[in-house]
Peer 1: 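Next up is a structure, given as structure tokens.
Everything numeric in this text was worked out from a predicted model, so none of it was measured. Chain identifiers are assigned alphabetically (A, B, ...) following the order of the sequence lines, protein sequences preceding nucleic acid strands; residue numbering begins at 1 within each chain.
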There are 2 protein chains.
Amino acid sequence: MNSDFTLAIHSLTYLALQLDRMSTSDAISESAGVHPVRIRKVLSLLKKHGFIKSKEGTGGGFIFARDLSEVNLWDIYKITSEGALQPKCPDSNEACVVGANMQRVLINIFLGAEEHLGEYLKHYTLKDIVDLIYKEN
Amino acid sequence: MNSDFTLAIHSLTYLALQLDRMSTSDAISESAGVHPVRIRKVLSLLKKHGFIKSKEGTGGGFIFARDLSEVNLWDIYKITSEGALQPKCPDSNEACVVGANMQRVLINIFLGAEEHLGEYLKHYTLKDIVDLIYKEN
DNA sequence: TGTACTGTAATACTAAGTGTTACAGATTGA
DNA sequence: TCAATCTGTAACACTTAGTATTACAGTACA
């Protein structure tokens, strides 16, 4: 799994603690320890899906656009990492009964796995994450 | 997720259809469409964990060592891919409340996710996979 | 009009995954 | 005993995905 998912969570959590003002990609990138351009790419995705708003120019930045408890981790997973579970099988041998059918079988199993993961991730809202950030252990 | 997991499943399924004789890494690699050395590496792992037996020399190869219905996909996942869900977060900023705590929060969430995935994978035994290979769609 | 932002393309760098070669060790059969 | 056929594994090369960096256009504000 690439880290866009965790960067998105990190960014949104950061914004969640600054609901009253805009935050710059520089500030968020410093908190997350990655390059500002990377953060802007991830935030650009989040914006396209309506989770945040942005404003260019002096005093601009990013700000949360939804209710904290109505955004969950599955929402974020879907736009940053959907299909990440699916391992890429090389083209196997059609002349062999295993090779010819394995891909179809595995794809279905991994689709199921991702759905299953979704059920788990849906239980975590951004509000939960903020609470966990403050809770010791 | 790397493809060791699916290669292991592929190999074991192949062996499951040849329970009465040994199969060579060459034969399996041809079915799976990857290099024989790669297959041997994966099979080496499976052997170390007692899923298969091997024999060197002429007429040698690999053979299943367990009951088909007592090996499930979670067993295989654990030895090939455990921790694969865990995205690597870059070291974030300890001076920021989000940076300082995010890693701990995410690690716990992903541990839970992997456990959850385990519950799903446990429901598929190798016997199920063999049945699915033969079942249309 | 200068400064501080976002938005994004292009490119370079790095790490993980995969393929390949090489060769030692085991086993078999002639 | 010798050649052939396997596994076992290390070493290295290649490829691709992930990430960082540079560059610059566009927007907003003072």
Side-chain angles (χ1 to χ4, degrees), chain A residues 1-8 10-11 14-15 18 21-49 51-65 80-92, chain B residues 1-8 10-11 14-15 18 21-30 32-65 80-92:
Chain A
M1 170 128 40
N2 77 21
S3 58
D4 282 3
F5 182 39
T6 56
L7 281 179
H10 195 122
S11 303
Y14 189 100
L15 296 182
Q18 314 276 333
R21 55 170 170 255
M22 305 211 107
S23 309
T24 68
S25 59
D26 257 49
I28 301 171
S29 78
E30 200 177 337
S31 165
V34 297
H35 200 279
V37 171
R38 181 111 187 273
I39 291 290
R40 292 210 286 274
K41 268 185 218 159
V42 172
L43 292 182
S44 166
L45 248 187
L46 292 173
K47 181 188 173 185
K48 186 156 65 184
H49 289 84
F51 294 103
I52 59 177
K53 286 184 279 196
S54 72
K55 204 173 123 193
E56 303 182 12
T58 304
F62 301 88
I63 196 164
F64 218 90
T80 57
S81 308
E82 187 150 50
L85 239 50
Q86 206 75 229
K88 50 230 150 298
C89 333
D91 288 338
S92 45
Chain B
M1 174 128 40
N2 78 19
S3 57
D4 282 2
F5 182 39
T6 56
L7 281 179
H10 194 122
S11 303
Y14 188 99
L15 296 181
Q18 314 275 333
R21 55 170 169 257
M22 306 211 105
S23 310
T24 68
S25 59
D26 258 49
I28 301 172
S29 79
E30 199 177 336
V34 299
H35 199 278
V37 171
R38 181 110 187 274
I39 290 290
R40 293 210 284 274
K41 267 184 220 159
V42 172
L43 292 182
S44 166
L45 248 188
L46 292 173
K47 181 189 174 187
K48 186 155 65 182
H49 288 85
F51 294 105
I52 59 177
K53 286 183 279 197
S54 72
K55 204 174 122 194
E56 304 181 13
T58 303
F62 301 88
I63 196 163
F64 218 90
T80 57
S81 307
E82 187 152 49
L85 239 51
Q86 205 74 230
K88 53 232 148 296
C89 333
D91 288 337
S92 45

Peer 1: Using a cut-off of strictly less than 4.0 Å, decide whether B:Ser3 has a side-chain nitrogen or oxygen near OP1 or OP2 of C:dT18.
Peer 2: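 So the side-chain polar atoms of B:Ser3 do come within 4.0 Å of the phosphate oxygens OP1 or OP2 of C:dT18, strictly under.
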Peer 1: Atom NZ in A:Lys55, atom CD1 in A:Ile63: separation rounded to 0.5 Å?
Peer 2: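 Going from the NZ atom of A:Lys55 to the CD1 atom of A:Ile63 covers 9.5 Å.
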Peer 1: Report yes if at least one side-chain N or O of A:Thr24 is closer than 4.0 Å to OP1 or OP2 of C:dA4; otherwise report no.
Peer 2: no
Peer 1: Determine whether B:Phe62 and B:Ser54 make a side-chain contact, defined as any pair of heavy atoms from C-beta on separated by less than 4.5 Å.
Peer 2: yes
Peer 1: OP1 or OP2 of D:dT27 versus the side-chain N and O atoms of A:Thr58: is any pair under 4.0 Å?
Peer 2: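 Answer no for this pair, as no side-chain N or O of A:Thr58 is under 4.0 Å from OP1 or OP2.
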Peer 1: Start at the 5' end of DNA chain D and walk down; is the nucleotide closest to A:His35 or to B:Arg40 reached first?
Peer 2: B:Arg40
Peer 1: Quick one: on DNA chain D, does B:Lys41 or A:Asp4 contact a more 5' nucleotide (nearest heavy atom)?
Peer 2: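 Of the two residues, B:Lys41 wins.
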Peer 1: Figure out the CG/C1' separation between B:Leu43 and D:dG8, and round it to whole Å.
Peer 2: 11 Å
Peer 1: So does B:Lys47 get a side-chain nitrogen or oxygen closer than 4.0 Å to the phosphate oxygens (OP1/OP2) of D:dG8?
Peer 2: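 Answer is yes, contact under 4.0 Å.
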Peer 1: Whole-Å distance between D:dC6 C1' and B:Glu30 CD?
Peer 2: 16 Å
Peer 1: Could you tell me how far apart A:Asp26 (CG) and C:dT6 (P) are, to the nearest whole angstrom?
Peer 2: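 Interatomic distance, CG of A:Asp26 to P of C:dT6: 7 Å.
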Peer 1: Whole-Å distance between C:dA4 P and A:Phe62 CZ?
Peer 2: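 In whole Å, C:dA4 P and A:Phe62 CZ are 17 Å from each other.
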Peer 1: Could you tell me how far apart A:Glu56 (CD) and D:dA30 (C1') are, to the nearest whole angstrom?
Peer 2: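 A:Glu56 atom CD is separated from D:dA30 atom C1' by 17 Å.
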Peer 1: Check the distance between C:dT6's C1' and A:Ile52's CD1 and give it to me in whole angstrom.
Peer 2: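 Spelled out: CD1 on A:Ile52 to C1' on C:dT6 is 11 Å.
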Peer 1: Let me know the distance between NZ of A:Lys53 and C1' of C:dT6, rounded to the nearest Å.
Peer 2: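 Spelled out: NZ on A:Lys53 to C1' on C:dT6 is 16 Å.
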Peer 1: Distance from A:Leu46 atom CG to A:Thr80 atom OG1, nearest 0.5 Å?
Peer 2: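 If we round to the nearest 0.5 Å, A:Leu46:CG and A:Thr80:OG1 are 8.0 Å apart.
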Peer 1: Compare the minimum distances between each of D:dA10, D:dT22, D:dC6 and the side chain of B:Val37, then state the nucleotide with the smallest one.
Peer 2: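 Minimum distance to the B:Val37 side chain belongs to D:dA10.
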Peer 1: Under 4.0 Å between a side-chain N/O of A:Ser44 and OP1 or OP2 of C:dT8, yes or no?
Peer 2: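 So the side chain of A:Ser44 is within the cut-off, an N or O lying under 4.0 Å from OP1 or OP2 of C:dT8.
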Peer 1: Ignoring backbone atoms, establish whether A:Lys55 has a side-chain N or O less than 4.0 Å from OP1 or OP2 of D:dC29.
Peer 2: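 So the side-chain polar atoms of A:Lys55 do come within 4.0 Å of the phosphate oxygens OP1 or OP2 of D:dC29, strictly under.
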Peer 1: Between OG1 of A:Thr6 and CD of B:Gln86, what distance do you get to the nearest 0.5 Å?
Peer 2: 10.0 Å
Peer 1: With a non-hydrogen cut-off below 4.0 angstrom, is A:Gly59 in contact with a base, only sugar-phosphate, or nothing?
Peer 2: nothing
Peer 1: Using whole Å, what does the distance between atom P of nucleotide C:dC5 and atom CD1 of A:Ile63 come to?
Peer 2: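 After rounding, the gap between these two atoms is 15 Å.
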Peer 1: Start with the C-alpha distance between A:Lys41 and A:Leu45, add both sets of side-chain angles, then the distance that settles side-chain contact (heavy atoms from CB on, under 4.5 Å), and finish with yes or no.
Peer 2: CA-CA 7 Å; A:Lys41 268 185 218 159; A:Leu45 248 187; over 6 Å; no
Peer 1: Return yes if the base of C:dG19 and the side-chain atoms of B:Arg38 contain a donor-acceptor N/O pair under 3.5 Å, otherwise no.
Peer 2: no
